Amino acid sequence: MTDTAMTARTAPLPFDKSLLARMTGLLADREPVEKFAVDLGQVFAEFLPDMLQAETGFPVEIGYAGFDSGVKQELVAALGSTVAVCDGTLRNWCDFVIACDSPIVMGMVEMLLGAAPETISPPVPRALSAIELDVAAMLFEKVANVLKSAVNASGGFEPTLERPLNATERSIPEEAADIHAAAVKISLVAGPISAIFTIVIPHKALLKTKIVFPKGIGQARKTKNAWSDQLEQQVHRSAVSLEARIRLEDLTLNDVCRLQAGDIIAFKDVHDVRVDVNANGRDLYVCEFGRSGERYTVRIMDTHGSEKEILDHLMG
């Protein structure tokens with residue numbers, strides 16, 4: 001027998017990674033994952049509707065929508081490009097990911113701006129604007145608080161959440177590439193809008209967790225209160241970049257090509273100089289040019305559309 005044959009016979013076989021992960025508590029069988037997902041889904045189904053309707057005044061239906069199991073980053077990637085994603089951590093428990101379909105956030109913003117749920121058409125999924133991500137952050141905070149109560153981690157610490165991002169903007173965290181996890185899906189219906197929340201949790205954490213049903217399930221739903229006021233204030237406080245455009249005198253193409261530093265171009269208007277102010281590519285106001293002290297200013301003379309039309313444009 002050759003040395004090569006002897007080496008082949010005596011070389012240890014590679015250890016099965018899945019078996020090793022199961023033996024060390026990093027990979028769970030289907031049954032415990034399913035039980036955890038169903039129990040967590042029941043907590044959200046019974047607790048979150050009362051919380052959201054009490055906080056916002058909007059009728060909301062929540063239900064358990066199943067689960068997927070696999071590698072953490074692959075589960076997040078499989079959610080698609082039109083979800084908002086938020087990385088979070090709960091001290092003494094684990095790191096987790098919350099994601100939601102973009103239409104529910106867009107619909108909630110419309111309702112917060114005064115639209116009746118029955119008048120809203122289901123939005124087409126897309127990346128969220130900066131203002132919509134502000135609202136998503138506060139929505140994720142509520143989801144994380146229910147999660148915290150359900151898993152009852154020792155120490156009573158509050159969840160820590162990163163700012164939500166569109167899925168296409170999220171960079172993959174530097175962590176082990178083969179973290180086994182479950183993606184628990186929660187359906188959410190508000191008016192004509194149906195969407196899915198997904199909570200991605202490592203198997204290592206869920207194997208050690210017994211779901212606890214928080215107190216207060218089934219409480220009578222209350223009217224809109226401070227949280228919805230906070231959401232509305234957040235929407236209206238969000239910064240918007242404005243641009244002012246002044247029409248200049250007409251020049252020939254030859255004149256434009258020969259302009260040099262220091263040359264002067266006159267305004268087209270001779271007396272009251274008209275200024276068009278726009279944001280996100282749409283004209284919002286007609287203004288006149290002026291000056292206050294050392295700063296140049298514009299005074300609003302007219303608007304392009306109603307307040308609601310302006311808000312609807314800025315939300316897009």
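As the structure is a prediction and not an experimental result, all values here were calculated from the model.
To the nearest 0.5 Å, atom NZ of residue K142 and atom CZ of residue F47 are 9.0 Å apart. Here CG of D250 is found 11.0 Å from CD1 of I265. Values are rounded to the nearest 0.5 Å. D134 contributes atom CG, which lies 10.5 Å from atom CG of L128 (distance to the nearest 0.5 angstrom). Once rounded to the nearest 0.5 Å, the distance linking CH2 of W93 with CG of L206 reads 7.5 Å. If you take SG on C287 and CD1 on I300, they are separated by 5.0 Å, rounding to the nearest 0.5 Å. Atom-to-atom distance recorded for D101:CG and M106:CE is 9.5 Å, nearest 0.5 angstrom.
No more than 12 heavy atoms of other residues, nucleotides or ligands sit less than 6.0 Å from atom CD of E243. Shown here is R291, whose CZ atom has more than 12 heavy atoms of other residues, nucleotides or ligands within 6.0 Å. E288 CD: more than 12 foreign heavy atoms inside a 6.0 Å radius.
For the pair F44 and L147, the tightest heavy-atom approach, listed with the atom from each and the gap, is CZ-N, 4.0 Å. Nearest heavy-atom pair, P49 versus E46, reported as atom, atom and distance to 0.1 Å: CD-C, 4.1 Å. Nearest approach of P122 to P192, heavy atoms of both residues: CG-O, 3.6 Å. Minimum interatomic distance between P159 and L90 (heavy atoms only, all atoms of both residues): N-CD1, 3.9 Å. Across A183 and L75, no two heavy atoms sit closer than the pair N-CD1, 4.0 Å. Residues G80 and A167 come closest through the heavy atom pair O-CB, 3.3 Å.
Connection of I193 to I62 is established within a shared hydrophobic cluster, with ILVMFWY side chains joined at heavy-atom distances below 4.5 Å, either directly or through further cluster members. L48 is connected to F36 through a chain of hydrophobic side-chain contacts under 4.5 Å among Ile, Leu, Val, Met, Phe, Trp and Tyr, so both are in one cluster. Linking ILVMFWY side-chain heavy atoms closer than 4.5 Å, directly or via other members, places I211 and I186 in a single hydrophobic cluster. Hydrophobic clustering, with ILVMFWY side chains joined whenever heavy atoms are under 4.5 angstrom apart, groups I246 together with V298. Using a 4.5 Å cut-off between side-chain heavy atoms of Ile, Leu, Val, Met, Phe, Trp and Tyr, with links allowed through other members, V105 and V76 fall into different hydrophobic clusters.
Within the 4.5 Å cutoff, side-chain heavy atoms of L248 are placed close to those of F267. Contact annotation: the side chain of L284 approaches that of L242 to within less than 4.5 Å [non-hydrogen atoms, C-beta and beyond]. Residues L161 and F96 are in side-chain contact: their nearest non-hydrogen atoms beyond the backbone lie under 4.5 Å apart. Residues R30 and F67 meet the side-chain proximity criterion, which asks for heavy atoms closer than 4.5 Å. Residues K185 and D68 meet the side-chain proximity criterion, which asks for heavy atoms closer than 4.5 Å. Between K72 and V97, some side-chain heavy-atom pair lies under the 4.5 Å cut-off. For the pair Y285 and V275, the minimum side-chain heavy-atom distance is 4.5 Å or more.
Using a 4.0 Å cut-off between charged side-chain N and carboxylate O, R170 and D87 make a salt bridge. No salt bridge links K210 with D39; every basic N to acidic carboxylate O contact stays at or beyond 4.0 Å. Under the 4.0 Å criterion applied to side-chain N and carboxylate O atoms, R274 and D272 are not assigned as salt-bridge partners.
In summary, the aromatic rings of F289 and Y296 are positioned with their centroids under 6.0 Å apart.
Listed for the H203 side chain is a donor-acceptor partner under 3.5 Å among the backbone atoms of A181. Using a distance-only test at 3.5 Å, with no hydrogens or angles considered, a donor-acceptor pair links the side chain of S102 to the main chain of R126.
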D283 and R245: salt bridge (Lys or Arg N to Asp or Glu O under 4.0 Å), yes or no, with the steps? CA-CA 9 Å; D283 287 338; R245 185 177 65 253; 3.2 Å; yes

